[in-house]
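Note sheet for the following structure.
Chain letters run A, B, ... following the sequence lines, proteins first, then strands; residues in each count from 1. The analysis underlying the following values was restricted to heavy atoms, covering all of them including side chains, and did not include hydrogens, waters or symmetry mates. Model, not experiment: these values are computed from the prediction.
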Amino acid sequence: MASGSVADQEGQVMLLGFWFSPFVKRVEWALKFKGIEYDYVEEDLTNKSTLLLTSNPIHKKVPVLIHNGNPIAESLVIIEYIDETWQQNPILPQDPYERAMARFWANFIEQKVREPAREALFSKGEQQEKKVKELKEGMEVVEGEAKAKLNDKTLFFGGGNGVGYVDIVLGWTCNWMETIEEVGGFKVLDPESQPQFHKWMANFREVPFIKPTLEPKEKLVEFFRMVRQDRLGLVANK
Amino acid sequence: MAEEEVKLFGTWVSPFSRRIEVALKLKGVQYEYIEEDLTNKSPALLNYNPVNKQIPVLVHNGKPVAESLVIMEYIDETWKHNPILPADPYERAMARFWAKYIDEKFCAAARKIVVAKGEEQKGEIDEIQQQMKNLEGELKEKKFFGGESLGFLDIAANIIIWLVVGQEALGMDQILNEEKLPVLHGWLHRLLDDAVFKECVPPKDRHLDLFKVKFGSSIASK
């Protein structure tokens, strides 16, 4: 099969996901940004489909993108695949150094913001305090990067006036961060010490293809409250 | 044409900086290597990687790139001959998926093995053997993950060697044994035989000694 040919772009695109997953949302944003038609399959967390289990036997998690029958897992891997398969509206920059910077920041966001946020959500007491501290430190670095890169003319990390890879990878903070704060019972977002980040969030939320996809906070809070109780209940019983 | 200046900040025993050495050598890129002392990091390193303050850092014509897999992609995109990643987007996705798997799952399990004891350690060993079985599924009949020659995933999987040395230093039974993991076992031998790759592993004796000192206390307290 020739690589990058138009024929490769044809063929069914299917996305297996959960409505509440920030990882799935990233992939949807990438697909919508490129104007790619896809079939979305809502999975059941308590009853994963055979398709999901056979498409991602290693992790058994969403998102999974299935293109021409070939499954791909891991949100960042999927986004790079999408960018390389459909050339319109590039998500990553063209220049190798800029690409390296974008990938570096994506990794940073995953390891120093998203991971501590998830761990803070599903922990309590001293363990949670530790994770909230890590999360705050990560946010400080993000604010620093936002200060360095963004201004009134450059609203997004993707440069110019368009969103790019880093925006898509960071975008979950727009909805899920407040949810995690409320459910976890802590505060990380602070408009005073994070002015540039808050400007970015406000702008990101208004992007026309992003806005309709953002789940209502109340719905996310209700769901994650249930999951947190469930998880911590398990821990207490050990 | 401006002169290319390539510097690599690393340590002799880091699998992550050794990955970059392999990538640069496969591409025939001339570079200056700077050995860092992680207990006393140089001002240059802290200047080039202020966010994570870690090695490896590649500096190309004064511009720094950090994170080993990010650096490897940068090298592949900048020096286009002898590609490290495959051409096909789906195969590239598979290489990236498994490299991530190694950096997240395999590394976590390997770290746990050296500090865990008894039943818990046995559990971690089972886990890592299952992970290696999964990797075998990706390798199949191929000589290397990259096919006939070394590729992105072969380089990323160099960490397996650190597990092998670690287990030897601790006097443990072979985790990557031929009986349980014949496919990966064969691959490892081919990897260590490769002319380029074998220049980029820590000297075995020195490596063993370091691991004995670093992890050996966990045996003493058993």
Side-chain angles (χ1 to χ4, degrees), chain A residues 1-5 8-9 11 55-59 61 64-87 92-113 115 137-138 140-142 144-145 148 165, chain B residues 16 20 48-54 56-80 83 85-108 130-138 152-153:
Chain A
M1 182 158 79
S3 64
S5 67
D8 289 356
Q9 297 173 9
S55 301
N56 188 4
I58 300 296
H59 300 300
K61 284 181 178 171
V64 177
L65 189 83
I66 307 177
H67 180 216
N68 292 329
N70 293 323
I72 302 150
E74 295 295 305
S75 64
L76 301 190
V77 175
I78 297 171
I79 294 171
E80 291 233 28
Y81 173 83
I82 289 169
D83 209 32
E84 288 173 355
T85 304
W86 290 272
Q87 265 93 49
L92 275 152
Q94 301 299 306
D95 172 69
Y97 188 72
E98 297 299 317
R99 290 164 78 82
M101 292 304 98
R103 286 176 177 135
F104 173 85
W105 285 110
N107 274 357
F108 181 86
I109 290 162
E110 285 295 89
Q111 288 165 22
K112 306 285 183 177
V113 183
E115 190 53 29
E137 285 165 2
E140 243 182 83
V141 178
V142 169
E145 185 64 9
Y165 187 60
Chain B
F16 307 105
I20 310 308
Y48 284 131
N49 189 3
V51 175
N52 291 332
K53 305 175 173 56
Q54 278 170 9
V57 177
L58 186 83
V59 183
H60 182 208
N61 293 335
K63 290 167 36 171
V65 184
E67 295 293 311
S68 66
L69 298 184
V70 175
I71 298 171
M72 278 165 62
E73 296 238 22
Y74 174 79
I75 288 170
D76 210 32
E77 289 173 359
T78 302
W79 293 277
K80 295 202 197 332
L85 275 159
D88 174 67
Y90 186 71
E91 287 177 42
R92 291 162 78 87
M94 292 304 100
R96 287 172 177 142
F97 172 88
W98 287 107
K100 195 166 196 274
Y101 183 77
I102 285 167
D103 272 5
E104 289 173 7
K105 301 282 180 182
F106 187 88
C107 280
Q130 180 56 53
Q131 289 177 8
M132 289 195 281
K133 251 268 148 303
N134 294 338
L135 272 168
E136 286 192 326
E138 178 61 16
F152 188 80
L153 186 51

Quiz item: For Pro86(B), is it the side chain, the backbone, both or neither that has a heavy atom under 4.5 Å from a heavy atom of chain A?
Solution: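 Neither part.
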
Self-check item: Under 4.5 Å from any heavy atom of chain A - which part of Lys100(B)
Solution: side chain

Exercise. Determine, stepwise, if the pair His60(B) / Tyr97(A) fulfils ring pair (Phe, Tyr, Trp, His ring centres under 6.0 Å).
Key: CA-CA 9 Å; His60(B) 182 208; Tyr97(A) 188 72; 8.7 Å; no

Quiz item: Where does the angle between the aromatic ring planes of Phe104(A) and Phe108(A) fall among parallel (under 30°), tilted (30 to 60°) and perpendicular (over 60°)?
Solution: parallel

Quiz prompt | side chain to side chain contact (heavy atoms under 4.5 Å, CB included) evaluation trace for Phe97(B) with His59(A) | solution = CA-CA 11 Å; Phe97(B) 172 88; His59(A) 300 300; 3.6 Å; yes

Quiz item: With respect to chain B, which residue among Gly144(A), Ala106(A), Pro96(A), Pro57(A) yields the maximal number of heavy-atom pairs within a distance under 4.5 Å?
Solution: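 Looking at each option in turn, the highest pair count goes to Pro96(A).
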
Exercise. Verify whether one side chain among Asn68(A) and Tyr90(B) offers a donor that lies under 3.5 Å from an acceptor in the other.
Key: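 Looking only at side-chain atoms, Tyr90(B) and Asn68(A) do not form any donor-acceptor pair under 3.5 Å.
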
Quiz item: Measuring heavy-atom distances to chain B, does Arg103(A) have an atom under 4.5 Å in its side chain, in its backbone, in both, or in neither?
Solution: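 It is both, since atoms from each part get that close.
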
